[in-house]
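Counting convention: from 1, in listed order, for ligands and their atoms alike. We number each residue from 1, following the sequence as shown.
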Amino acid sequence: MECFPRQSRRRLLYALSAAFIFVFFFTQFHIRAGPGQARRPWTYGTRSLADDIYNTTLGFEKIFVISLPSRTDRRDGMALQAALSNFEFEFIDGVPGENVPDKAIPAKKKDRASNGVIGIIQRNLTSALILEDDADWDIRIKQQLHDFALSTQALIQPLAARPNSYADPTYPSPPTNMDPPSELTPPELDFHHLPTTLPATLSPYGDNWDILWLGHCGMHFPFPDTPIPQGRVIRLHDTTVAPKRHLWGFTVPFTLKETYPEHTRAVHHVQEGVCTQAYAVSQRGARRLLYEVGLKDVTEGYDILLRFFCEGVQGREEGRQCLTTQPGLFQSHTPVGKPGSDIGAADGEFRERAMTDMVRWSVRLNAAVLMKGRVEDVVDQYPDEEYLGGG
Ligand SMILES: *[C@@H]1O[C@H](CO)[C@@H](O)[C@H](O)[C@H]1NC(C)=O
Ligand SMILES: *[C@@H]1O[C@H](CO)[C@@H](O)[C@H](O)[C@H]1NC(C)=O
């Protein structure tokens, strides 16, 4: 009677140790086959950092929305859009220009937008996305950001096969002599055949960036004679890109529109960005930005200062890592009948139709459809024959 339970206890022990050994080897094997191997982490079924872009903060640690407390209309709009896209965010109170006490301003004027950057430093966040309160985006934003991350990683992560080099031969330090190797053909990577790089470990967007300038109203490809890496990732047939006749920007020439086919998206380093509807800042970027923009003479608008920062001009240090995409992924939404904003002067025109430039499946304009769960009824603001139907 006594020996039976002991035997069964021993059997249980054997079974448990076998299970333990099995689990141990299985997980070891998986760890080896995972990040250690020279394959793109996101091609594996196992979880990777890039999957975090689908989380409620888009792969950043936080999302801040800069907004004046008095603009309840904008706050309501943003809260609804964020809920429909499954984002979590925090409002950061903007300060209207005239309320900033003079003593707080190094030289002339200081923009309210830097509040988000201070938040990143004070709360020791690894990164945050800072949005203007009138920003709108495509329903497919998470997929767009995921693809953006594949592109930034291809540009700034070391190659898996040769960890001392990068796919972009001009990264991290472009040639400084007077004959840039290929003024006419900057290093171009095809989005559909990106090189295999070492997986990022700090941020899904890559381990070495200061700013990701995601919403703008104009951007150049890097000029060949600047100390900015020249590489670009080009994606043809991106169905989220509006037809060329709807693309615009304040920068001239608009090379993406003038030299690439319809529905091309580009990812590259920042040159002469205009407007800041959305930008992400890493902890390192926030510290550098506060030093270079917050503590030095502030003589220009915030977007111009961000540009100086990224390009290392006007007394700012070189070598900042600022990446962007054309067209921008976040754009200003202009509601019906409400011209102007708090920053610029009202242009006086009454708008008959709400719109968001260059965003095809606008979250804001499809809010009613999304609330009803009728994704098949989503309205494309900028359809064209080729890309109509089929989805
Ligand atoms: C989303 O992913 C980022 C990057 O890994 C992480 O820092 C952040 O905490 C995540 N957000 C949430 C809400 O889990
Ligand atoms: C900030 O976070 C980093 C890791 O993300 C940590 O090493 C550091 O100690 C933190 N600093 C403070 C002041 O909490």
Atom 5 (O) of ligand 1 has as its nearest protein heavy atom D52 OD2, 2.5 Å
Polar contact flag, side-chain donor to acceptor under 3.5 angstrom, D357-S332 = no
min-distance protein heavy atom vs atom 6 (C) of ligand 1 -> F60 O, 3.9 Å
Margin query: When you compare the side chains of Q331 and T356, does any donor N or O come within less than 3.5 Å of an acceptor on the partner?
Written below: no
Atom 1 (C) of ligand 1 has as its nearest protein heavy atom N55 ND2, 1.5 Å
One should read off an interatomic distance between L194 CG and L155 CG, to the nearest 0.5 angstrom, of 8.5 Å
Closest heavy-atom approach to atom 8 (C) of ligand 2 among I121, L202, N124 is made by N124
request  = May I ask you to check whether T126 has an N/O atom sitting below 3.5 Å from an N/O atom of ligand 2?
outcome  = no
(Q) If only side-chain N and O atoms count, and only distance matters, is there a donor-acceptor pair under 3.5 Å linking R74 with S67? (A) no
Separation between CZ (R232) and CG (L256), nearest 0.5 Å, reads 9.0 Å
Exercise. Does the protein put a heavy atom less than 4.0 Å from atom 14 (O) of ligand 2?
Worked result: yes
- Task: Taking only Lys NZ, Arg NE, NH1 and NH2, and the carboxylate oxygens of Asp or Glu, determine whether D93 and R75 approach each other closer than 4.0 Å.
- Result: yes
Residue, atom and distance of the protein heavy atom nearest atom 7 (O) of ligand 1 read E61 CA, 3.8 Å
the protein heavy atom lying closest to atom 4 (C) of ligand 1 turns out to be G59 O, 3.3 Å
From the list L129, L131, D134, I92, side-chain contact (heavy atoms from CB on, under 4.5 Å) partner of V65 resolves to L131
Under 4.0 Å from one or more heavy atoms of T56, ligand 1 contributes atoms 13 (C)
Quick note on ligand 1: atoms under 4.0 Å from a heavy atom of T57 include exactly 1 (C), 8 (C), 10 (C), 11 (N), 12 (C), 13 (C)
